[in-house]
Protein chains: 2
Amino acid sequence: MATVSALGYALLCALHRGPLTGYELVQRMRKPIGYYWTAQQSQIYPELARLSASGLIEHDAEAGPGPRQRKTHRLTAAGREALAAWLVEPPALRAFRDEAILKTYALAAADPDGMREFYLAEAETYQRRLDDFQAQHADLLSGHADDPLHPQFGAFATLELALAGTPPRIRWCRWMAERMTELARLRRESTPAEGSTPASRTSPPDG
Amino acid sequence: MATVSALGYALLCALHRGPLTGYELVQRMRKPIGYYWTAQQSQIYPELARLSASGLIEHDAEAGPGPRQRKTHRLTAAGREALAAWLVEPPALRAFRDEAILKTYALAAADPDGMREFYLAEAETYQRRLDDFQAQHADLLSGHADDPLHPQFGAFATLELALAGTPPRIRWCRWMAERMTELARLRRESTPAEGSTPASRTSPPDG
DNA sequence: GGAGACTATGTCAACATAGACATAGTCGGG
DNA sequence: CCCGACTATGTCTATGTTGACATAGTCTCC
């Protein structure tokens, strides 16, 4: 059996509730799925061809708006099986990249006032995202997607996690902004004259 | 000026508190920094060469254990400047990949008992990670790294975020495990005979 | 009637990343 | 005395990922 990449499984996941065109898959990888798994158009179309070649998906074709046919993809029995087997396996990918946390690590090398603005902007970004999540959550709730038997319960559950995880992150950003205000004040105080003398006493080198 | 990749900035971040050898950088990209920014050895050595060519870092060399020289890298004034300028900029990378959430989205296609095990294993993984974070946090606290003036305040702040974000995630995993138990029971009830008749009534197709 | 957005599929080149391999000295345990 | 782990630097190949380009019909607003 051909090995399937993580992106391949992501597409199988996207197709689990019913057939979609390539274009619709591109949208899904931006909006609901894109919150936890992104992919560009240029990855998606070749991957669909590979999945098709492996017999995990199949498609109908009709005349499309452009010079090419419009294809509607759906899972085959083999695809559904491969997906079910992958879902219960422990995640292979644990690597995770967050630029804001990386920047926080090296915070001592930055200007405190600039970092304050940085954290306030971060807080705003996450607040907007939270509002979006809450709207989607309310939508699903009104359709009773909180019932584990509901076909959209999975989507509902991802929002439950986002709704639990985002507020602590916003609070942390605001707390960091306050610490940066404090840091700016402390640095000013420890450098009495506005001249160029660096106050090296307050920064002991440390392993 | 030469453009620096995200990995390049990650290395500048790692070097912000003092010089490190390539090997030490490899360790850092696994243990403390690796929690939010990972990189393999095979990426790090070429990137160090690029940063050196751009004049952002420089190194001393001494005889090493192997056939090559051991190099201790440190930031140049230009490197410190480039880092400071980058730190206050809003994050360019917002993409984020989480296999567990992806799997949750397609949960309806999986076996509930298998998924229950999946979420319990996830909860355990995050619990172990939380224990690790708490130990590091206590260590830094005992060195008064909670003071914004302390050179390790940045590392302390990343742990504050981890300590705030991990418990909600663990609670969510356990909640999901309970939902899976419930789902397994509901599916058994809606399929009275242990035969092969699928209960299609409970899964309305939905957009 | 024209400009720009949307539907829809795909390719291409450049860059990022992972995993395995290669080399060689030291240090500790069995 | 050998084996494996650790220190230390690097290369190689394959795969994953991004961003820009190409094509073309429809629909909407000005």
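Throughout, a chain's letter reflects where its sequence line sits, starting with A, and its residues are numbered from 1. All figures in this text were calculated on a predicted structure; none of them were measured in a lab.
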Trainee: Can you tell me the distance, in whole Å, between the CD atom of Gln69(B) and the P atom of dG25(C)?
Mentor: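 Rounded to the whole Å, the gap is 15 Å.
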Trainee: Hey, can you tell me if Tyr36(A) and Tyr105(B) have their rings parallel, tilted or perpendicular (30° and 60° cut-offs)?
Mentor: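 Tilted.
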Trainee: Quick check on DNA chain C: between Ala95(A) and Gly22(A), whose nearest nucleotide comes earlier from the 5' end?
Mentor: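 In this pair, the answer is Gly22(A).
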Trainee: Using the benzene-type ring in the case of Trp, are the ring centres of His150(A) and Phe156(A) under 6.0 Å apart?
Mentor: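 That pair fails the under 6.0 Å test.
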Trainee: Among the nucleotides dT7(D), dA18(C), dT9(C), which one has an atom lying closest to any side-chain atom of Tyr23(B)?
Mentor: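 Selected nucleotide: dT7(D).
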Trainee: Using heavy atoms to find the nearest nucleotide of DNA chain D for Thr72(B) and Ala39(A) separately, return the residue whose nucleotide is more 5′.
Mentor: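 Mapping each residue to its closest nucleotide by heavy atoms, the 5'-most match is Thr72(B).
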Trainee: Grab the CG-C1' distance between Leu11(A) and dT9(C) for me, whole Å please.
Mentor: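 Checked: the CG to C1' distance equals 15 Å.
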Trainee: Under 3.5 Å, is there any donor-acceptor pair linking the side chain of Ser42(A) to the base of dG19(D)?
Mentor: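 Donor-acceptor pair under 3.5 Å: yes.
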Trainee: Considering heavy-atom distances to DNA chain D, does Thr38(A) or Pro67(A) have its closest nucleotide positioned more toward the 5' end?
Mentor: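 Nearer the 5' end of the strand: Thr38(A).
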Trainee: Rounding to a whole Å, what distance do you find between Glu24(B):CD and dT7(D):C1'?
Mentor: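 For the pair Glu24(B) CD and dT7(D) C1', the rounded distance is 10 Å.
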Trainee: Are any non-hydrogen side-chain atoms of His73(A) and Leu48(A) less than 4.5 angstrom apart?
Mentor: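 Contact flag for His73(A)/Leu48(A) side chains = yes.
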Trainee: Whole Å only: how far is the CE atom of Met29(A) from the P atom of dG16(D)?
Mentor: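 Rounding to the nearest Å, CE of Met29(A) and P of dG16(D) are 14 Å apart.
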Trainee: Quickly work out the Tyr45(B) OH to dA22(C) P distance and round it to whole Å.
Mentor: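 It works out to 18 Å between those atoms.
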Trainee: Between Ile44(A) (CD1) and dT7(C) (C1'), how many Å, whole number?
Mentor: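 Distance check: Ile44(A) CD1 to dT7(C) C1' gives 15 Å.
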Trainee: Do any side-chain nitrogens or oxygens of Arg97(A) fall under 4.0 Å of OP1 or OP2 in dT17(C)?
Mentor: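 For Arg97(A), the contact criterion (side-chain N or O under 4.0 Å from OP1 or OP2 of dT17(C)) is met.
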Trainee: Tell me which nucleotide among dA22(D), dG19(D), dT7(C) gets nearest to the side chain of Arg68(A).
Mentor: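 Minimum distance to the Arg68(A) side chain belongs to dA22(D).
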Trainee: Looking at the side chain of Leu7(A), which of dT17(D), dA18(C), dT23(D) is the nearest nucleotide?
Mentor: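 Selected nucleotide (nearest to the side chain): dT17(D).
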Trainee: Gln43(B) has a side chain; which of dT17(C), dT9(C), dT9(D) sits nearest to it?
Mentor: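 Among the listed nucleotides, the one closest to the side chain of Gln43(B) is dT17(C).
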Trainee: Between P on dA20(D) and CD on Gln40(A), what's the gap in Å once rounded to a whole number?
Mentor: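 Distance, rounded to whole Å: 10 Å.
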Trainee: Counting only distance, no hydrogens or angles, is the base of dT9(D) paired donor-acceptor with the side chain of Gln41(B) under 3.5 Å?
Mentor: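 Flag set: donor-acceptor pair detected.
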Trainee: Are Lys103(B) and Glu99(B) within salt-bridge range, i.e. N to O under 4.0 Å?
Mentor: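 A salt bridge links Lys103(B) with Glu99(B).
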Trainee: Separation of Glu47(A) atom CD from dT15(D) atom P, in whole Å?
Mentor: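 Checked: the CD to P distance equals 12 Å.
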Trainee: Just checking Tyr119(B) against Trp172(B), ring centres under 6.0 Å apart?
Mentor: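 Yes; Trp172(B) has its ring centre under 6.0 Å from that of Tyr119(B).
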